[in-house]
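Below is one structure, written out as structure tokens; the observations come after it.
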Protein chains: 2
Amino acid sequence: MRRTMDYGKKVKIILVDDNYEHLLGIKELINIETNFDVIATAANANIAINLVKKYQPDIVLMDINMPEKDGLTAISEMERLNLDTKIIALTGYDDPDLIFRAMKIGAKGYILKTMASAQLIYAIEEIMQGKIYLPSGLSSRFFEYFQKTFKEETNNTTSQENLLQFLTQREEEVLELLTQGVTYKGVAQKLFISETTVKTHVNNIFQKLQVNDRTQAVLYAINNGFMNRKKLKIAI
Amino acid sequence: MRRTMDYGKKVKIILVDDNYEHLLGIKELINIETNFDVIATAANANIAINLVKKYQPDIVLMDINMPEKDGLTAISEMERLNLDTKIIALTGYDDPDLIFRAMKIGAKGYILKTMASAQLIYAIEEIMQGKIYLPSGLSSRFFEYFQKTFKEETNNTTSQENLLQFLTQREEEVLELLTQGVTYKGVAQKLFISETTVKTHVNNIFQKLQVNDRTQAVLYAINNGFMNRKKLKIAI
DNA sequence: TTAAATATCAATCTTAAGGTTTAGACAAAA
DNA sequence: TTTTGTCTAAACCTTAAGATTGATATTTAA
């Protein structure tokens, strides 16, 4: 068994859980560790957010199954404070969608309540070292969900061949400007060509993409991965 | 130490690596395992794809740092075949962007060449059980990158207030049709109102979103989460 | 070396898009 | 009750967008 580490000061922890019994249970559990210190507890998300603002703890252990304001929203709001506080999601369910959303908004870890207490301690230690901790079982579920989501997207785009491949370089440049809402005149100025030339290119683009106007062309481009081919772009 | 498992039949494996020495090394390593069988090897991606089509192996170990067609593209193409073949990316670098892209397109595992041979065997076993395997170090890097990407997105959208909130219900309906590339006439027909009414709505939308034309309005809508507020939408 | 693809531009035309003003009907709130 | 917001609509106008034809220079591949 690995021993808890020493970080100079005690690790300041805030617990958030609407179940009082459970709250006490975790608190005792953590306080066994000599260098962990539960400095505050909260029974709902709004109080928790205020406590985090006030104490700026190292760790927040957040039950994400709470009434009123749900835990995920609370995590979002805490993350938006841009503190050094690291948030660990705590829940009874290993729902991959929940895991995905928690990690998406910035949780540094995700622990099931049914997991052994040793795992919770271990997670805190890992996360205090700047790592992100997902138990391997949950990690696997996360990835399945992650890939499924992407596959659905990919299937939509590759079910029929991607017409973008038929565009010439120049046409791609023009389309890129269209996807930024630039007018004919604007495109002409930016590419140092005449407006009529731009129109010619745009018409060719329409034909190749089998659309009727620029809005549809832009939509086609977006839906078929014209932009951010390398870089990921995510609309929440 | 855990022993290799028995799957009834031998696990059929294809190796892809442009470095012949390394190819042989891995082959010998794997053939030590009595229930693993390297049925073919390839030195470039195109040959690999054909071999996969022909033999439909259980596992493909793919070096993703190859000249000509790169490994990631090859993985994409193999995934598109919709076989039961599980692909493991193999590379010398732990570049988080590479890891992310490999997992995105469907790799079931990602292993560094510098890792111990036992880990490779373990990865294959885990993946053969339907799991996804990322060594914890790489997993951590993946999540950092994942969260960074989302955070940038979130910052972009919440840095200034979302003007979409000022739209009325009717205006939202109109905007939704605009984001589908529908013309004034089309909107009028779909909403059973006159074309001039549509124009009024559209003009109001432009003012509220502070844009000049429908393309910009559509782009604003997409970038600010007008659609898919709940469901995740990913543009590759 | 031809043919094909690409990039450039003009002229002309039609239509869709966008701007502005005004106004009636209706419901909800003050 | 009056005001406010919303939805509806017309009339008028300007400009941007899109379609079509034809033409030239350049590059690339057959």
Side-chain angles (χ1 to χ4, degrees), chain A residues 161-227 229, chain B residues 46 67-69 161-227 229:
Chain A
E161 63 181 337
N162 195 334
L163 299 174
L164 289 170
Q165 65 182 311
F166 299 118
L167 298 184
T168 66
Q169 264 201 315
R170 200 55 161 173
E171 285 162 356
E172 284 188 358
E173 291 177 57
V174 173
L175 180 57
E176 190 177 341
L177 290 171
L178 291 190
T179 61
Q180 293 165 22
V182 183
T183 61
Y184 281 139
K185 195 180 288 182
V187 175
Q189 286 174 353
K190 290 191 185 240
L191 297 184
F192 304 107
I193 55 180
S194 84
E195 208 174 321
T196 51
T197 305
V198 178
K199 288 191 177 187
T200 308
H201 286 312
V202 170
N203 266 291
N204 291 334
I205 292 170
F206 290 167
Q207 284 185 15
K208 290 188 180 178
L209 301 188
Q210 298 168 18
V211 298
N212 302 313
D213 54 57
R214 59 176 57 208
T215 307
Q216 291 175 2
V218 168
L219 289 169
Y220 187 95
I222 291 173
N223 289 329
N224 293 82
F226 176 67
M227 302 165 298
R229 246 183 241 272
Chain B
N46 288 320
E68 298 176 54
K69 178 171 287 185
E161 61 179 339
N162 196 333
L163 299 174
L164 289 169
Q165 64 182 312
F166 299 119
L167 297 183
T168 66
Q169 266 202 314
R170 200 56 160 172
E171 285 161 356
E172 284 187 358
E173 292 177 56
V174 174
L175 180 56
E176 190 176 340
L177 291 172
L178 291 191
T179 61
Q180 292 167 22
V182 184
T183 61
Y184 281 137
K185 195 180 288 183
V187 175
Q189 286 173 354
K190 290 189 183 241
L191 297 184
F192 304 107
I193 54 180
S194 84
E195 208 173 324
T196 52
T197 305
V198 179
K199 289 191 179 187
T200 309
H201 287 312
V202 170
N203 267 290
N204 291 334
I205 292 171
F206 290 169
Q207 283 183 14
K208 289 187 180 178
L209 301 187
Q210 298 168 17
V211 298
N212 302 311
D213 54 57
R214 58 174 61 207
T215 308
Q216 291 176 2
V218 168
L219 290 170
Y220 187 95
I222 291 173
N223 289 329
N224 293 82
F226 178 67
M227 300 163 298
R229 248 183 241 274

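In what follows, chains carry the letters A, B, and so on, assigned in the order in which the sequence lines appear, proteins first and then strands, with residues in each chain numbered from 1.
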Any non-hydrogen side-chain atom of [X] less than 4.5 Å from a side-chain atom of [Y]?
X	Y	answer
K208(B)	Y220(B)	no
V174(B)	N204(B)	no
I222(A)	L219(B)	yes

Rounding to 0.5 Å, atoms CG (L175(A)) and CZ (F206(A)) come to a distance of 9.0 Å
For the pair Q216(A) (side chain) and N212(A) (backbone), establish whether a donor and an acceptor sit closer than 3.5 Å, ignoring hydrogens and angles.
yes
Distance-only, no hydrogens or angles: does the R214(B) side chain make a donor-acceptor pair with backbone N or O of R214(A) under 3.5 Å?
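Not a single qualifying donor-acceptor pair exists.
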Return the value, rounded to whole Å, for the distance between atom [atom1] of [X] and atom [atom2] of [N].
X	N	atom1	atom2	value
L178(A)	dA16(D)	CG	P	16 Å
Y184(B)	dA9(D)	OH	P	16 Å
R170(A)	dT26(D)	CZ	P	16 Å
N204(A)	dA19(D)	CG	P	11 Å
N212(A)	dT20(D)	CG	P	11 Å

Can you check whether N203(A) has a side-chain N or O nearer than 4.0 Å to OP1 or OP2 of dA19(D)?
yes
Salt bridge (charged side-chain N to carboxylate O under 4.0 Å, His left out) pairs touching residues 187-200 of chain B, sequence neighbours excluded, are none
Short of 4.0 Å, heavy atom to strand atom, which residues of residues 186-200 of chain A count as contacting DNA chain C?
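Output list: I193(A), S194(A), T196(A), T197(A), T200(A).
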Chain A footprint on DNA chain C, 5' to 3' - any atom under 4.0 Å from a heavy atom:
dT6(C) to dA10(C)
Please evaluate residues H201(B) and V187(B) with respect to the criterion side-chain contact (heavy atoms from CB on, under 4.5 Å), reporting the C-alpha separation (whole Å), side-chain torsions for both, the decisive distance (0.1 Å), and the verdict.
CA-CA 11 Å; H201(B) 287 312; V187(B) 175; over 6 Å; no
Which is more 5' along DNA chain D, the nucleotide nearest K185(A) or the one nearest V211(A)? Just name the residue.
K185(A)
